[in-house]
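What follows is one structure encoded as structure tokens, with my remarks underneath.
Whatever order the structure lists them in is the order used to number ligands and atoms, beginning at 1. Side-chain atoms are counted along with the backbone in the values below, which use heavy atoms only and exclude waters and symmetry mates.
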Amino acid sequence: MDATINKILKDIRPQMRCERYEHTLGVMYTASALAFRYEYDPTKAMLAGVLHDCAKIYTCKDYVAECTRYGIEATAQEMALPHLLHAPLGAYYAEHKYGVTDPDILHAIRVHTLAGKDLSILDKIVYVADYIEPSRKECPALSRIRMLAFTDINKAVYAKLDNVVNYLKRSGYEVTDTTLELLDYYKKISEGEHNE
Ligand SMILES: [Fe+2]
Ligand SMILES: [Fe+2]
């Protein structure tokens with residue numbers, strides 16, 4: 001394994017709950033498998049995967065305070081649901097604590113919770129890997145999304161977003177216009193209405 005990734009794993013292992021660490025390993029390996037499929041650099045995908053939840057450590061109880069402390073910019077949506085701040089904070093830690101300078105990796109970590117319209121292939125790989133990794137609990141359509149991830153990544157992004165929106169609605173959470181707009185955007189892409 002890449003020496004940098006090995007070092008990061010050793011550092012985060014004692015700082016994470018067991019299930020979180022298992023999830024991190026799952027995302028890292030799933031991201032590398034998807035990188036093979038989409039002819040992307042597997043080491044970059046693994047690095048983004050291993051660090052995507054690096055802000056979810058025992059010592060970080062207050063994402064808002066940490067973001068304020070380091071002057072990290074967050075969206076209104078992230079401020080409304082502070083657990084989402086582990087994405088921008090994670091990108092900050094990846095750069096300043098683990099020395100990652102590759103903007104592609106930092107961006108993939110930054111957008112792994114809410115996605116966006118301007119996603120690179122690495123962003124999509126991490127976004128999808130986060131949802132389909134082996135320790136992820138069963139949810140509606142999970143096996144279909146796992147299959148789609150390796151056949152059409154845009155369809156997998158749309159399917160994950162659709163699942164997330166349905167979950168939010170079922171659970172009584174507000175679904176923002178930004179999220180609905182994004183859902184519609186990826187619906188059109190997955191139906192071939194946008195050229196990428
Ligand atoms: Fe996350
Ligand atoms: Fe995650």
Side-chain angles (χ1 to χ4, degrees), residues 5 8-9 11-35 42 44-67 70 72-75 77-98 100 104-116 119-139 141-142 145-146 148-149 153 156-157 159-165 167-168 171 173 175-176 178-179 182:
I5 294 172
I8 293 168
L9 283 172
D11 182 75
I12 61 173
R13 176 68 192 92
Q15 301 189 64
M16 277 182 176
R17 283 185 298 113
C18 207
E19 308 80 60
R20 176 66 49 199
Y21 185 69
E22 196 185 332
H23 167 70
T24 294
L25 286 180
V27 174
M28 181 182 80
Y29 284 119
T30 304
S32 99
L34 288 169
K44 277 177 71 160
M46 287 177 86
L47 207 41
V50 76
L51 286 171
H52 85 288
D53 275 345
C54 71
K56 287 192 167 182
I57 51 177
Y58 284 127
T59 50
C60 183
K61 297 271 190 288
D62 192 338
Y63 297 138
V64 177
E66 284 289 279
C67 286
Y70 297 118
I72 297 167
E73 283 182 24
T75 64
Q77 210 173 347
E78 286 165 337
M79 291 307 284
L81 291 170
H83 76 275
L84 295 174
L85 291 170
H86 77 271
L89 188 58
Y92 181 88
Y93 285 169
E95 183 175 2
H96 298 276
K97 194 170 160 187
Y98 296 104
V100 174
D104 300 340
I105 294 173
L106 298 176
H107 191 261
I109 298 168
R110 175 67 187 84
V111 299
H112 87 268
T113 50
L114 290 174
L119 298 190
S120 68
I121 184 64
L122 179 60
D123 298 337
K124 290 173 189 173
I125 283 173
V126 175
Y127 182 72
V128 170
D130 195 19
Y131 204 66
I132 66 166
E133 58 91 7
S135 71
R136 179 63 77 176
K137 275 194 221 112
E138 273 304 317
C139 63
L142 183 57
I145 299 173
R146 282 179 171 148
L148 284 174
I153 195 86
V157 170
K160 172 180 170 179
L161 261 171
D162 193 40
N163 255 16
V164 170
V165 167
Y167 166 78
L168 291 172
S171 309
Y173 291 109
V175 181
T176 64
T178 313
T179 303
L182 198 61

Problem set entry | Heavy-atom pair of closest approach, residues L182 and L114 | CD2-O, 3.4 Å
Exercise. Hey, is there an N, O or S on H112 sitting under 2.8 Å from the Fe ion (ligand 2)?
Worked result: no
Seminar exercise, completed: Between T30 and G26, the two heavy atoms sitting closest are OG1-O, 2.7 Å
Seminar exercise, completed: The atom of D130 among N, O or S that is nearest the Fe ion (ligand 2) is OD1
Exercise. Rounded to 10°, how many degrees is the angle OD1/D53-the Fe ion (ligand 1)-NE2/H86?
Worked result: 90°
Seminar exercise, completed: Checking distances from the Fe ion (ligand 2), one finds that the N, O or S atom of H52 closest to it is NE2
For this session: Test K137 against E19 for salt bridge (Lys or Arg N to Asp or Glu O under 4.0 Å), laying out the working first.
Result: CA-CA 11 Å; K137 275 194 221 112; E19 308 80 60; over 6 Å; no
For this session: Please list, chain by chain and in numerical order, all residues satisfying side chain to side chain donor-acceptor pair (under 3.5 Å) with D123, sequence neighbours excluded.
Result: H107, S120
